[in-house]
2 protein chains.
Amino acid sequence: MTYKKTQDFDKDFQEIATYARILSHPARIAILSYLAKTNSCISGDITNEIPLSRTTVSQHLQELKKAELITGEIDGVKICYCINSQTMKKCTDLFGKLFKNITKTKCC
Amino acid sequence: MTYKKTQDFDKDFQEIATYARILSHPARIAILSYLAKTNSCISGDITNEIPLSRTTVSQHLQELKKAELITGEIDGVKICYCINSQTMKKCTDLFGKLFKNITKTKCC
DNA sequence: AATATATGTCGTATGTTTGCAACATAATTC
DNA sequence: GAATTATGTTGCAAACATACGACATATATT
């Protein structure tokens, strides 16, 4: 086996990398952005906003849900997806801390 | 062709997604972190710090360089990699703005 | 100029992500 | 209970990412 050595790294680095991967696709950023600025968080409305097939948008939603960046609540036939503020805050802090640490004003 | 629709999204989203992809591997975060906290920015020293082969570390360095998050200057036989503060600042701002936008205290 | 040292590039194996059509399910309405 | 509506799941193909050994290059030292 010649694959995946992510677990050989610092736990913090692994965690940030995981969130970064979620944010590494514009569709997922677009979904989060849309959820933040509207109150209509119905799956179908999200799909209409994203220039991808229903299937693909659904998959991106599942990834965001798995990472706990969003929640999904069944409401009759429809499903309401919302931003998970708690995880989002954690994420904001992690990235904030990272960028603070790796900002360097001068080099050798 | 059934692939890659990233260009169908908002330019800002594409840009953040690109930086997020760079940060989506712990080795690259470890490299940036190491460069920030030490003055020894020689390629060989970085390689010794990362639990991956020289080849693989070199590839991660190339990716960071391509994204302009680091610079690489030849110094005799050695190469000195340094954090590109300008790009890093831009990156910090982009993510800061994103997280500020998608932080929502309540949902439907 | 031969040798040693530092580093990059190529080729390749394998795992992961992206995207979608087709099918499945589950609540609602007629 | 049949049709409709909203949504998730499966399976597949193409593209991309990860990892590394082997080879290439380029400076420094003897």
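Treat the numbers as computed from the prediction; the structure is a model and nothing was measured. Quick note on labels: first sequence line is chain A, next is B, and so on, each numbered from 1.
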Next on the checklist: Closer than 3.5 angstrom, by distance alone: can the side chain of T56(B) be matched with the main-chain N or O of L52(B) as a donor-acceptor pair?
Outcome noted: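 Side chain of T56(B) to backbone of L52(B), a donor-acceptor pair under 3.5 Å: no, none is there.
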
Item to check | Residues S85(A), T103(B); criterion side chain to side chain contact (heavy atoms under 4.5 Å, CB included); working and verdict | outcome: CA-CA 6 Å; S85(A) 308; T103(B) 295; 5.7 Å; no

Checklist entry - What nucleic acid atoms does L52(A) come within less than 4.0 Å of, heavy atoms only: base, sugar-phosphate, or nothing? => result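 Sugar-phosphate, backbone atoms only, no base.
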
Checklist entry - Just checking S43(B): base, sugar-phosphate only, or nothing, at a heavy-atom cut-off of under 4.0 Å? => result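 The answer is sugar-phosphate, as S43(B) gets under 4.0 Å only of primed atoms, P, OP1 or OP2.
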
Item to check | From I22(B) atom CD1 to I29(B) atom CD1, the distance as rounded to the nearest 0.5 Å | outcome: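 That separation rounds to 11.0 Å.
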
Checklist entry - Which residue pairs pass the side-chain hydrogen bond (donor to acceptor under 3.5 Å, both in side chains) test with at least one member in residues 6-20 of chain A, sequence neighbours excluded? => result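 Residue pairs with at least one partner in residues 6-20 of chain A: E15(A)-K90(A).
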
Whole-Å distance between [N] [atom2] and [X] [atom1]?
X: Q62(B); N: dT7(C); atom1: CD; atom2: C1'; answer: 9 Å
X: K5(B); N: dT18(C); atom1: NZ; atom2: C1'; answer: 11 Å
X: F9(B); N: dG19(C); atom1: CZ; atom2: P; answer: 7 Å
X: L61(B); N: dT7(C); atom1: CG; atom2: P; answer: 10 Å
X: D45(B); N: dT5(C); atom1: CG; atom2: C1'; answer: 14 Å
X: E63(B); N: dT18(D); atom1: CD; atom2: P; answer: 6 Å
X: I50(A); N: dC20(C); atom1: CD1; atom2: C1'; answer: 16 Å
X: I46(A); N: dT7(D); atom1: CD1; atom2: P; answer: 9 Å

Item to check | Sequence neighbours excluded - disulfide bond (SG atoms under 2.5 Å apart) pairs with any residue from residues 5-34 of chain A | outcome: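 The answer is none; no pair qualifies.
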
Next on the checklist: Please list, in numerical order, the residues of residues 10-38 of chain B that have a heavy atom closer than 4.0 Å to any atom of DNA chain D.
Outcome noted: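 R21(B), H25(B), R28(B), in order of number.
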
Checklist entry - Pairs in or reaching into residues 33-79 of chain A: which pass ring-ring contact (aromatic ring centres under 6.0 Å, His included), with residues at least two apart or in two chains? => result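 Passing the test, one end in residues 33-79 of chain A: H25(A)-H60(A).
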
Item to check | Minimum heavy-atom distance between L35(B) and C41(B), given as atom pair plus value | outcome: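 For L35(B) versus C41(B), the nearest heavy atoms are CD2-CB, 3.7 Å.
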
Checklist entry - Got L98(A) and L32(B) here, is their nearest side-chain heavy-atom distance under 4.5 Å? => result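 Not touching, per the 4.5 Å side-chain cut-off.
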
Next on the checklist: Consider side chain to side chain donor-acceptor pair (under 3.5 Å). Of D93(A), T92(A), T87(A), which one does K89(A) pass it with?
Outcome noted: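 That would be D93(A); it is the only one of D93(A), T92(A), T87(A) passing the side chain to side chain donor-acceptor pair (under 3.5 Å) with K89(A).
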
Checklist entry - For F95(B), what residues pass the ring pair (Phe, Tyr, Trp, His ring centres under 6.0 Å) criterion, not counting sequence neighbours? => result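 Listed in chain order: F95(A), F99(A).
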
Checklist entry - What bend angle does the helix from dA1(C)-dT30(D) to dC30(C)-dG1(D) show across its length, from five-pair end axes and to the nearest 10 degrees? => result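 Taking the rotation axis at each end, their angle is 10°.
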
Name each donor-acceptor pair under 3.5 Å that joins a side chain in residues 65-83 of chain A to protein atoms two or more places apart or in another chain, with its distance.
{"residue": "T71(A)", "atom": "OG1", "partner": "C82(A)", "partner atom": "O", "Å": "3.4"}
{"residue": "Y81(A)", "atom": "OH", "partner": "Q62(A)", "partner atom": "NE2", "Å": "3.4"}

Item to check | Protein-to-nucleotide contact annotation, 5' to 3' order, nucleotides 21-28 of chain C [B base; S sugar-phosphate only; - none; under 4.0 Å, heavy atom] | outcome: BB----SS

Checklist entry - Side chains of S58(A) and T55(A): do they bring a donor and an acceptor to under 3.5 Å? => result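 No - no donor-acceptor pair under 3.5 Å links their side chains.
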
Checklist entry - Who pairs with D45(B) by salt bridge (Lys or Arg N to Asp or Glu O under 4.0 Å), at least two apart in sequence or on another chain? => result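 Per chain and number, D45(B) pairs via salt bridge (Lys or Arg N to Asp or Glu O under 4.0 Å) with no residue.
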
Checklist entry - Which nucleotide sits closest to the side chain of K4(A): dC20(D), dT16(C), dT9(C)? => result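 Ranking dC20(D), dT16(C), dT9(C) by closest atom to the K4(A) side chain puts dT16(C) first.
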
Checklist entry - Which one, dT7(C), dT7(D), dG19(C), comes nearest to the side chain of Y81(B)? => result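 Ranking dT7(C), dT7(D), dG19(C) by closest atom to the Y81(B) side chain puts dT7(C) first.
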
Item to check | Pairs touching residues 21-44 of chain A that satisfy salt bridge (Lys or Arg N to Asp or Glu O under 4.0 Å), sequence neighbours left out | outcome: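 Listed once each, the pairs are R21(A)-E63(A), R28(A)-E63(A).
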
Next on the checklist: With the threshold set at under 4.0 Å for non-hydrogen atoms, list the residues of residues 64-71 of chain A touching DNA chain C in residue-number order.
Outcome noted: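 Those residues: none at all.
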
Checklist entry - Taking only residues two or more places apart in sequence, or in another chain, which ones meet C91(A) in a disulfide bond (SG atoms under 2.5 Å apart)? => result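 Partners of C91(A) under the disulfide bond (SG atoms under 2.5 Å apart) test: none.
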
Next on the checklist: For I42(B) and H60(A), find the nucleotide of DNA chain C closest to each by heavy atoms; which residue's nucleotide sits nearer the 5' end?
Outcome noted: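 Its nucleotide being nearer the 5' end, the pick is I42(B).
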
Checklist entry - Does S58(B) make a side-chain N or O approach to OP1 or OP2 of dT7(C) shorter than 4.0 Å? => result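 The answer is no; no side-chain N or O of S58(B) sits under 4.0 Å from OP1 or OP2.
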
Next on the checklist: With a cut-off of less than 4.0 Å, is there a side-chain N or O of T56(B) near OP1 or OP2 of dC20(D)?
Outcome noted: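 Affirmative; the distance criterion is met.
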
